[in-house]
Student: 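Starting off with a structure, shown below.
Quantities reported herein were computed from a predicted structural model and do not represent experimental measurements.
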Amino acid sequence: MTYIQKERKWQEEWQKAKLFHSDPDSREKLFITVAYPYPSGAMHIGHGRTYTVPDVYARFKRMQGYNVLFPMAWHVTGAPVIGIAKRIEKQDPWTLEIYKNVHKVPEDELNKFTDPEYIVKYFSTEYREVMINMGYSIDWRREFKTTDPHYQKFIEWQFHKLKDKGYVGKGKHPVKYCPEDQNPVGDHDLLEGEGVAINELTLVKFKMGDDYLVAATFRPETIYGITNLWLNPDAEYVRINIDDENWIISKKSYDNLIHQKLHAKITGEINPRELIGKYIQNTLTDAEHIILPASFVDPGYGTGVVYSVPGHAPADFIALKDLKKNSELLDKFQLTHVIEKLEPISIVQLKGFGEFPAEEMIEKLGVKNQNDPKLDEATNELYKLEHAKGVMKNIPDFSGLKVPLARDEIIKKLLDSKKGDVIYDFAQRPVICRCGTECVVRILEDQWFLKYSDETWKELAMDCLDNLSIVPEEVRANFEYYLDWLHDWACTRRLGLGTRLPWDKQWIIEPLSDSTIYMAYYAIAKYMKDVDAKALDDSFFDDVFLDADKYSGKIDPDLFSDIKNEFNYWYPLNWRLSAKDLVGNHLSFHIFHHSAIFPREKWPQGIVVFGMGLLEGNKMSSSKGNVILLQDAIKKYGADVVRLFLMSSAEPWQDFDWRENEVKGTKKRLEWFSEFSKRIEELKGSPLSLKSYKPVSDVEMPINSWILNQVNQRIKDATEALEGFQTRKALQEALFLFKKDIDYYLRRIGDEINPEISNVLVYILENWIRLMSPFVPHTCEEIWKDIEGEGFISEAEWPEYDEKLMDEKIRKAEEIVQGLNNDINEIKKIIGSKPEKIHIYVAPDWKWHVLELANESSKTNVGQIIGQSIKNNLHNDKKELADYVKKIARMMTKMKYVGKLDEYSIIKDSQAFLSKEAGAEVIVYKEPTYDPQNKSGNATPYKPAIFIETD
RNA sequence: GCAGGGGUGCCCGAGCUGGCCAAAGGGGACAGGCUUAGGACCUGUUGGCGUAGGCCUCCGUGGGUUCAAAUCCCAUCCCCUGCACCA
């Protein structure tokens, strides 16, 4: 059988035995969930890590005796698959390429992908298959998808609850929008302009006859410093009608504005050249300002109309300067006389600058003219400075106010008096949709919000966070930051799969908002196939989840009470696992919604955050084709190798890097492990069976004591690591270091085999399989069966370390042997000739006594130790004593004193080993009866002296 | 910009409640053993020097605290991630 077939066999065995069906019983429960996947593509090794971590933890806890629930479902809510289906229908080459070659969808299946429902069905089926092939211990009876009618009832209930508590509100909201698709777009829908922010601009209306010339600005407070208006004489302008007013703006800006002012209509064209030289009236000051030409005005940004504040805006200053020099243009528009009178007006006091900061900024950066690229830098710099430190001056109501404050006041004044308005625009252009269309900012009216800004709600969420375990603890600060920062979240969409907002059916609840407390739904999901969705009214959920508002529907009372008990058994959720980029939304929402809906004792108890996946050092990304599909990895290496690699190469919250070479190394390591039992059989010369094995308590041989010490230490450390989700550390202990110990042990016992050793070997194997079982369950089942273990290893007990088998002295004793071995090696290398005999001298008793003395005194005081040694008559040769004390004074800080050891016996016992390693006869002396080069004096406790005799 | 995390030997990475740290483990490279050979496996080496187990240098950079610093403090440079309506 190939390894794949073996793995399949065990997966089937587990299923047959219903090993992972978890139902309430008398054991302590453990409920762990991981973010359910959005099945819009194939599962790659990055997903593999995400789902393997909870599986390993679930298996570990199961072996510890917990009743563990690890469920799975499909998050099919949302718009992306709709976009995908459309693009497939349009035969978009990029999309087809990705789905054919990255997600490896067969041609005949791909044809059906014009139906979004089919896409999620296809991939969720595939996901389930891959998850089973990975050996995940999921209770599949609880599987559901978020568009199931039962789940939708649950979501409706949830939103009713939130609305009742006043946490749902209504308002307007600007979004990135694709006019072609007629739908809001997220960053992942963009070809260009990812991460571009939406800025709010203030519109200021300047009266000119029956029309308004409408300028857009980030800095409405500078309205008092206006000297003129700018139009681009080479751009097209139009007159539009909007709410009984006539506005003049650029034609290009109208295309954007129409998405925010839905009733605006073009009523005529305007030639900007005809406006130049005319006057408008300042909205707030009633002053008259002339309209002037400027090439820097971008007709596509804002409204294409700009008011000029040369005192505080570098662009305006330099444009005015340019114009004054441009006699040709001035003649053309007959402006020569008026322009001479235009001088900047100072209205913001800025520390470190004089009257006109704009002028200084231009000089500082050496901006040459209005088309100089450095102009942007000057503008941004001054904008930031004046915003942060500027104070208004020389103007009526606002002098002395800080700039941001004045800005808010002036915006309010403009809006209240209808002399201004608000418009949104992108911070950068262009923003282009995947369909190729340039996006705009659109205002969504009647948008529903979840009011995360609500103070009471925030406090509840913070409270919930305070009582939450977070792995790793460092991201707690992140959570605090996000919970505080989150404001109102638009929770409904026009488009996409999902649940309709129960009280306003034109809206669909947005995917991040319908996936916040669904973990509770797992508890009841397994009953839903016997229940008509229509029977699930709000009273049902109120009764099941909140023990309130008694259920009045048609479900059989016994069944109902089972459902309710089941929920109360599993909840609260012990662990929630999710990727780290979801800290700011999904995981925070998870906290918010639980704290809003459930009583305190049902609040979540722990969160684990994942890192990202790299592929040979590069970021993994399906859309860039830089992924390895999980099913391909399984085919190539087997599920256990994939699991083992994913769990051992990085801790869950760190980024892991899939490197083919290291994966191969992992494979070899696993093979070594799975063949270990055969090696033991060979050593023993008889088949292994756990049935004939006697538990180890006392052993005679020191090396056996040592390996028992090591095994128990590894068990202890691996267990502690797993408790904290440190899969990498756990595997360092349970696999790599464990193997190192075994390698050494086997070398150390040489060819010797006796009943004690063979029993110890079985002990090692038995514990090792148990430790490795959560990580490589298939391999372990296979070995477990071979050695006649009872039942499944997946159900076997997790090993517990035995304090009695652990002893520092045992370890130290072996360290002496290892140290000798290393030192002999090193000396051999230095002297460069073959040793004949190796003489080893142990430290005399008096050295132990002095060391003990030194160890007892808190600080290493050389003089004091010598004095005490003399006083206690420890040694007669004072010079030797003093030298020795100086030596150990240095040593003391570098070693741990564990008490006196019988070095002679220790070395005697390892004599054969040392001799074999060194390739020379080894002689141990209690007393230096033969010591031609006086090496014995070098002996210190834990470090016997060596004399190598050559020739 | 704001917030969070990080810079360790050829590479990845542990260590970072100060002292068994020239620094775990893996990968790679080199040497030896085994083998007909290769592979696999095992052992050793992989900062420098050294004919005796030692010494010197070293954990982004500069300074400081301390008997003692990769580990603590200050400054500085660089890198990564998130900042929303999207799963």
Student: Kindly say if A:Gln654 contacts the phosphate of B:A14, meaning a side-chain N or O under 4.0 Å from OP1 or OP2.
Tutor: yes
Student: How long is the line joining CG of A:Asn825 and C1' of B:G44, in whole Å?
Tutor: 7 Å
Student: Using a heavy-atom cut-off of under 4.0 Å over every strand shown, decide if A:Lys664 touches base, sugar-phosphate, or nothing.
Tutor: nothing
Student: Testing A:Ile830, A:Ile824, A:Ile831 for side-chain contact (heavy atoms from CB on, under 4.5 Å) with A:Ile827, which one passes?
Tutor: A:Ile831
Student: Grab the N/O contacts between the protein and nucleotides 1-7 of chain B below 3.5 Å, and write none if there aren't any.
Tutor:
from : atom 1 : to       : atom 2 : distance (Å)
B:G4 : O2'    : A:Asn478 : ND2    : 3.2

Student: Is there a side-chain contact between A:His593 and A:Leu162 in this structure, where contact means two heavy atoms from C-beta onward sitting under 4.5 Å apart?
Tutor: yes
Student: For A:His75, which contact category applies under a 4.0 Å heavy-atom criterion: base, sugar-phosphate, or nothing?
Tutor: sugar-phosphate
Student: If I take atom CE in residue A:Met612 and atom C1' in nucleotide B:C12, what distance separates them, rounded to the nearest angstrom?
Tutor: 19 Å
Student: Which residues pass the salt bridge (charged side-chain N to carboxylate O under 4.0 Å, His left out) test with A:Asp743, sequence neighbours left out?
Tutor: A:Lys739
Student: Taking only residues two or more places apart in sequence or in another chain, which ones pass salt bridge (charged side-chain N to carboxylate O under 4.0 Å, His left out) with A:Glu682?
Tutor: none
Student: Donor-acceptor pair, distance only, cut-off 3.5 Å: does the side chain of A:Arg714 make one with the backbone of A:Ala734?
Tutor: no
Student: Can you list every pair that meets side-chain hydrogen bond (donor to acceptor under 3.5 Å, both in side chains) and has a residue in residues 72-81 of chain A, with sequence neighbours left out?
Tutor: A:Trp74-A:Glu143, A:His75-A:Asp514, A:Thr77-A:Thr146, A:Thr77-A:Asp514
Student: For the backbone of A:Glu917 and the side chain of A:Arg747, can you confirm whether one donor and one acceptor N or O come within less than 3.5 Å of each other?
Tutor: no
Student: P atom, B:G60 versus B:A70: distance in rounded Å?
Tutor: 10 Å
Student: Would you please name every residue forming a salt bridge (charged side-chain N to carboxylate O under 4.0 Å, His left out) with A:Asp717, sequence neighbours left out?
Tutor: none
Student: Mapping A:Glu917 and A:Val76 to their closest nucleotides on RNA chain B, which lands nearer the 5' end?
Tutor: A:Glu917
Student: Compare every heavy atom of A:Asp655 with every heavy atom of A:Lys580, then report the nearest pair and how far apart it is.
Tutor: NZ-OD1, 3.7 Å
Student: Between A:Phe218 and A:Tyr383, what is the ring plane arrangement, given parallel below 30°, perpendicular above 60°, and tilted in between?
Tutor: perpendicular
Student: Check the distance between B:U81's C1' and A:Leu614's CG and give it to me in whole angstrom.
Tutor: 12 Å
Student: What are the atom names and distances for every N/O pair under 3.5 Å that joins the protein to nucleotides 30-33 of chain B?
Tutor:
none

Student: Name the orientation class of the two ring planes belonging to A:Tyr481 and A:Trp485 (parallel below 30°, tilted from 30 to 60°, perpendicular beyond 60°).
Tutor: parallel
Student: Using the C1' atoms only, state how far B:C58 lies from B:G9, rounded to an integer number of Å.
Tutor: 9 Å
Student: The side chain of A:Ile831 lies closest to which of these nucleotides: B:A52, B:C20, B:G26?
Tutor: B:A52
Student: Listed by chain and number, what are the salt bridge (charged side-chain N to carboxylate O under 4.0 Å, His left out) partners of A:Glu651, not counting sequence neighbours?
Tutor: none
Student: Given the C1' atoms of B:C11 and B:G28, what is the spacing between them in whole Å?
Tutor: 7 Å
Student: Using the C1' atom as the reference point in each nucleotide, state the distance between B:C72 and B:G4 in Å, no decimals.
Tutor: 22 Å
Student: Polar-atom pairs under 3.5 Å, protein N or O versus N or O of nucleotides 53-55 of chain B: list them with distances, or write none.
Tutor:
from  : atom 1 : to       : atom 2 : distance (Å)
B:G53 : O2'    : A:Asp823 : OD1    : 2.7
B:G53 : O6     : A:Asn938 : ND2    : 3.3
B:G53 : O6     : A:Ile946 : N      : 3.3
B:G53 : N1     : A:Pro944 : O      : 3.1
B:G53 : N2     : A:Asp823 : OD2    : 3.2
B:G53 : N2     : A:Pro944 : O      : 2.7
B:G53 : N3     : A:Asp823 : OD2    : 3.2

Student: Of the nucleotides B:A87, B:A24, B:C20, which has the atom closest to the A:Lys896 side chain?
Tutor: B:C20
Student: Which is true for A:Ile948 with a 4.0 Å heavy-atom rule: it touches a base, it touches only sugar-phosphate, or it touches nothing?
Tutor: base
Student: Under 3.5 Å, is there a donor-acceptor pair linking the side chains of A:Glu474 and A:Trp653?
Tutor: no
Student: Counting the atoms with a prime plus P, OP1 and OP2 as sugar-phosphate, which does A:Leu746 contact under 4.0 Å by heavy atoms, base, sugar-phosphate, or nothing?
Tutor: nothing
Student: For A:Tyr3 together with A:Tyr637, are the ring centres under 6.0 Å from each other?
Tutor: no
Student: What is the minimum heavy-atom distance between A:Lys943 and A:Asp823, and which atoms define it?
Tutor: NZ-OD2, 2.8 Å
Student: What is the minimum heavy-atom distance between A:Arg659 and A:Phe645, and which atoms define it?
Tutor: N-CZ, 3.9 Å
Student: B:U51 and B:C73: how far apart are their C1' atoms, nearest whole angstrom?
Tutor: 46 Å
Student: Specify the residues of residues 725-733 of chain A, ordered by number, for which at least one heavy atom lies under 4.0 angstrom from an atom of RNA chain B.
Tutor: A:Arg728, A:Gln732
Student: Reading RNA chain B from 5' onward, which residue's closest nucleotide shows up sooner: A:Pro511 or A:Gly665?
Tutor: A:Gly665
Student: Sticking with atom P, work out how far B:U43 lies from B:G27, rounded to a whole angstrom.
Tutor: 12 Å
Student: Look at the aromatic rings of A:Tyr36 and A:Tyr518 and report parallel, tilted or perpendicular, splitting at 30° and 60°.
Tutor: parallel
Student: For the pair made of CG in A:Leu582 and C1' in B:G82, what is the distance, rounded to whole Å?
Tutor: 11 Å
Student: Do the rings of A:Tyr942 and A:Tyr897 sit parallel, tilted or perpendicular, given the 30° and 60° boundaries?
Tutor: tilted
Student: Can you check nucleotides 38-42 of chain B for protein contacts, nitrogen or oxygen pairs under 3.5 Å, and list what you find?
Tutor:
from  : atom 1 : to       : atom 2 : distance (Å)
B:C42 : OP1    : A:Trp672 : NE1    : 3.1
B:C42 : OP1    : A:Lys739 : NZ     : 2.8

Student: Classify the ring geometry between A:Tyr841 and A:Tyr925 as parallel (under 30°), tilted (30 to 60°) or perpendicular (over 60°).
Tutor: parallel
Student: Using the C1' atom as the reference point in each nucleotide, state the distance between B:U35 and B:C41 in Å, no decimals.
Tutor: 11 Å
Student: With a non-hydrogen cut-off below 4.0 angstrom, is A:Leu737 in contact with a base, only sugar-phosphate, or nothing?
Tutor: sugar-phosphate
Student: When rounded to the nearest Å, what value does the distance between C1' atoms of B:A75 and B:G44 take?
Tutor: 45 Å
Student: Would you please test A:Gln710 and A:Tyr745 for side chain to side chain donor-acceptor pair (under 3.5 Å) and show each step?
Tutor: CA-CA 10 Å; A:Gln710 294 301 102; A:Tyr745 176 74; over 6 Å; no
Student: For a stem of at least 3 consecutive Watson-Crick or G-U pairs with distances under 3.5 Å, i pairing with j, i+1 with j-1 and so on, which stems involve RNA chain B?
Tutor: B:1-7 with B:77-83, B:10-12 with B:25-27, B:28-33 with B:41-46, B:47-49 with B:54-56, B:60-64 with B:72-76
Student: Which nucleotide in the set B:G26, B:A87, B:G27 lies at the smallest distance from any side-chain heavy atom of A:Phe736?
Tutor: B:G26
Student: What is the distance, to the nearest angstrom, from the NZ atom on A:Lys916 to the P atom on B:C34?
Tutor: 13 Å
Student: Could you give all pairs that pass the ring-ring contact (aromatic ring centres under 6.0 Å, His included) test and reach residues 813-833 of chain A, with sequence neighbours left out?
Tutor: none
